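In what follows, a single structure is set out as structure tokens and then discussed.
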Amino acid sequence: MSDEDDLDDFEPESEPDQEDLEKEEDEKETEEWEDYKKEGEEFSEEWMPVPLTENMMKEGLSLLCKTGNGLAHAYIKLELKDRDLTDINLLHSYIHLRYVDISENHLTDLSPLNFLTHLLWLKADSNQLRTARLNELPYLQIASFAYNQITDTEGISHPRLRSLDLKGNHIHMVTGLDPQKLNSLHTLELRGNQLESTLGINLPKLKNLFLAQNLLKKVEGLENLSNLTTLHLRDNQIETLNGFSMEMKSLQYLNLRGNMVNDLGELAKLRDLPKLRALVLLENPITDETDYRQEALVQMAHLERLDKDFYEEEERIEADEIRQRIKEEQEQEAEPEHDLELDQPLV
């Protein structure tokens with residue numbers, strides 16, 4: 001079997017379900033973010049040069065596999081986590097590597113990875129990177145650059161990339177993510193950056209989008225994400241629920257916890273999301289409104305869970321009655337106008 005056949009057959013790990021993601025958020029999010037900020041303060045100093053050596057490579061290499069025509073063998077997995085590395089130039093000659101973990105070092109340059117054209121999986125978290133820019137890597141499917149000093153999203157154009165993690169960086173605006181080149185990307189993690197806008201995320205194949213802990217005041221430019229199922233917007237500064245459309249026909253889970261939504265009328269703007277099943281608005285002023293829970297169900301009859309609690313059958317019956325009453329009142333209001341038109345004398 002050739003390298004290409006092996007690479008085509010690669011399947012990433014299955015994704016955790018939504019409840020697992022939410023539980024993990026609640027338990028770890030704040031602690032993780034505080035640890036990251038503390039580390040950033042401690043490690044902002046200059047580091048002594050520590051280049052990658054052959055001895056380090058011998059210690060980190062594993063998983064011997066056939067290469068090329070099947071007559072030769074090479075190690076395809078490399079683990080170099082937490083080695084204080086500042087230079088990985090030696091990697092350019094290890095062209096058969098497919099799985100590389102270089103996280104928790106002091107790297108500022110990833111250009112030697114451009115030679116690893118069989119790379120499938122890359123983890124470069126917690127370094128000193130200012131960019132995630134690499135040449136197009138034809139087989140790369142999972143890439144993580146979390147907790148670096150990256151300021152933009154330029155230079156990411158890997159055609160088979162499925163999951164991209166950029167959380168905990170310094171990104172203000174998403175630019176350069178070409179939907180024609182990133183036509184396999186289904187998960188994008190941008191939590192804990194400095195995003196002021198959701199523009200630039202025009203990726204129609206995207207299924208999971210994580211934008212928590214940014215500086216967002218509104219949702220915009222996501223209207224055409226017809227495959228999006230999960231949208232996390234927790235801990236931003238969003239006041240209105242504009243920016244959602246019926247084109248977002250796959251959206252099932254929407255987390256707006258810790259924002260600034262304060263008007264019950266905003267809930268009507270989520271009415272056109274046909275598959276929305278779970279909505280989280282905890283820690284928004286709107287949750288203090290007396291009819292908050294009821295109004296959400298009146299506006300979104302298909303909603304199954306609001307915040308932490310599933311709707312009971314009694315609540316559904318009551319919401320149906322209210323919805324029917326509103327419909328009848330609207331019809332009655334329209335009738336007199338119609339009668340007036342009929343009563344007008346012919347000219």
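Treat the numbers as computed from the prediction; the structure is a model and nothing was measured.
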Quick one: which of K327, E328, E321 gives a side chain to side chain donor-acceptor pair (under 3.5 Å) with Q324? E328

Between [X] and [Y], is any pair of side-chain heavy atoms under 4.5 Å apart?
X    : Y    : value
Q149 : Q128 : yes
L276 : F244 : no
L110 : I102 : yes
M56  : L90  : no
K167 : F210 : no
Y253 : T229 : no
I286 : L267 : yes
N169 : T151 : no

Show which residues join I95 in its hydrophobic cluster (side-chain heavy-atom contacts under 4.5 Å, direct or indirect), or state none. none

Before you tell me yes or no, could you show the steps for R160 and Q141 under side-chain hydrogen bond (donor to acceptor under 3.5 Å, both in side chains), namely the whole-Å CA-CA distance, both residues' side-chain angles and the distance that decides it to 0.1 Å? CA-CA 5 Å; R160 300 193 186 187; Q141 296 186 26; over 6 Å; no

Can you measure from [atom1] ([X]) to [atom2] ([Y]) and round to the nearest 0.5 angstrom?
X    : Y    : atom1 : atom2 : result
L306 : E315 : CG    : CD    : 9.0 Å
S111 : I88  : OG    : CD1   : 7.5 Å
L209 : L190 : CG    : CG    : 7.0 Å
F310 : L303 : CZ    : CG    : 10.0 Å
L78  : D101 : CG    : CG    : 8.5 Å
I150 : N193 : CD1   : CG    : 8.5 Å

Would you find a donor on one side and an acceptor on the other, under 3.5 Å apart, between the side chain of [X] and the backbone of [Y]?
X    : Y    : value
S226 : E247 : no
H96  : H73  : no
R305 : V280 : no
D178 : S157 : no
R316 : L297 : no
N255 : R234 : no
E266 : L241 : yes
N214 : L216 : no

Can you name the closest pair of heavy atoms from [X] and [Y] and give their distance?
X    : Y    : result
Q237 : K217 : OE1-NZ, 3.0 Å
P159 : S184 : O-OG, 3.2 Å
L116 : L137 : O-CD2, 3.7 Å
L281 : D307 : N-OD1, 2.6 Å
L164 : L166 : CD2-CD1, 3.9 Å
A124 : L129 : O-CD1, 4.0 Å

Shared hydrophobic cluster, L113 / M57 (ILVMFWY, side-chain heavy atoms < 4.5 Å): yes

Co-membership, hydrophobic cluster, residues L251 and V261, 4.5 Å side-chain: yes

Taking atom NZ as the centre, does K269 end up with more than 12 heavy-atom neighbours from other residues, nucleotides or ligands that are less than 6.0 angstrom away? yes

Would N208 and H186 count as a side chain to side chain contact (heavy atoms under 4.5 Å, CB included) if you check the C-alpha gap in whole Å, the side-chain angles of each, and the deciding distance to 0.1 Å? CA-CA 6 Å; N208 307 298; H186 66 62; 4.2 Å; yes

Who are the side chain to side chain contact (heavy atoms under 4.5 Å, CB included) partners of [X], not counting sequence neighbours?
X    : answer
Y75  : L61, L64
E154 : R133, D152, T175
N135 : N114

Side chains of N55 and T53: any donor to acceptor distance under 3.5 Å? no

Pairing donors with acceptors under 3.5 angstrom, does anything connect the side chains of S103 and D125? no

For the residue pair H118 and Y139, categorise the inter-ring angle as parallel (less than 30°), tilted (30 to 60°) or perpendicular (more than 60°). parallel

By side chain to side chain donor-acceptor pair (under 3.5 Å) - contacts of [X] (at least two apart):
X    : result
E314 : none
Q299 : R271, E295
K218 : none
E189 : none

Given side chain to side chain contact (heavy atoms under 4.5 Å, CB included), test N127 with F145 step by step and report yes or no. CA-CA 8 Å; N127 279 283; F145 305 95; over 6 Å; no

Using a 3.5 Å cut-off and no angle test, enumerate the donor-acceptor pairs between side-chain atoms of residues 197-206 and protein atoms at least two apart in sequence or in another chain.
| unit_1 | atom_1 | unit_2 | atom_2 | d |
| --- | --- | --- | --- | --- |
| S197 | OG | L199 | N | 3.0 |
| S197 | OG | E220 | OE2 | 3.2 |
| T198 | OG1 | E220 | N | 2.8 |
| T198 | OG1 | E220 | O | 2.4 |

Give the C-alpha distance, both sets of side-chain angles, the deciding distance and a yes or no for side chain to side chain contact (heavy atoms under 4.5 Å, CB included) between L134 and L122. CA-CA 12 Å; L134 287 168; L122 172 63; 4.2 Å; yes

Under the side chain to side chain donor-acceptor pair (under 3.5 Å) definition, can you give me all pairs with a residue in residues 76-89, not counting sequence neighbours? E59-R83, D84-H106, D87-N89

Residues 274-288 vs side chain to side chain donor-acceptor pair (under 3.5 Å), sequence neighbours excluded, gives R257-E283

Cationic tip of R293 above Y311 ring, under 6.0 Å, 45° of axis: yes

Side chain to side chain contact (heavy atoms under 4.5 Å, CB included) for L231 and L225? Distances and angles first, verdict last. CA-CA 11 Å; L231 178 56; L225 299 186; over 6 Å; no

What pairs with F115 under ring-ring contact (aromatic ring centres under 6.0 Å, His included), at least two apart in sequence or on another chain? H92

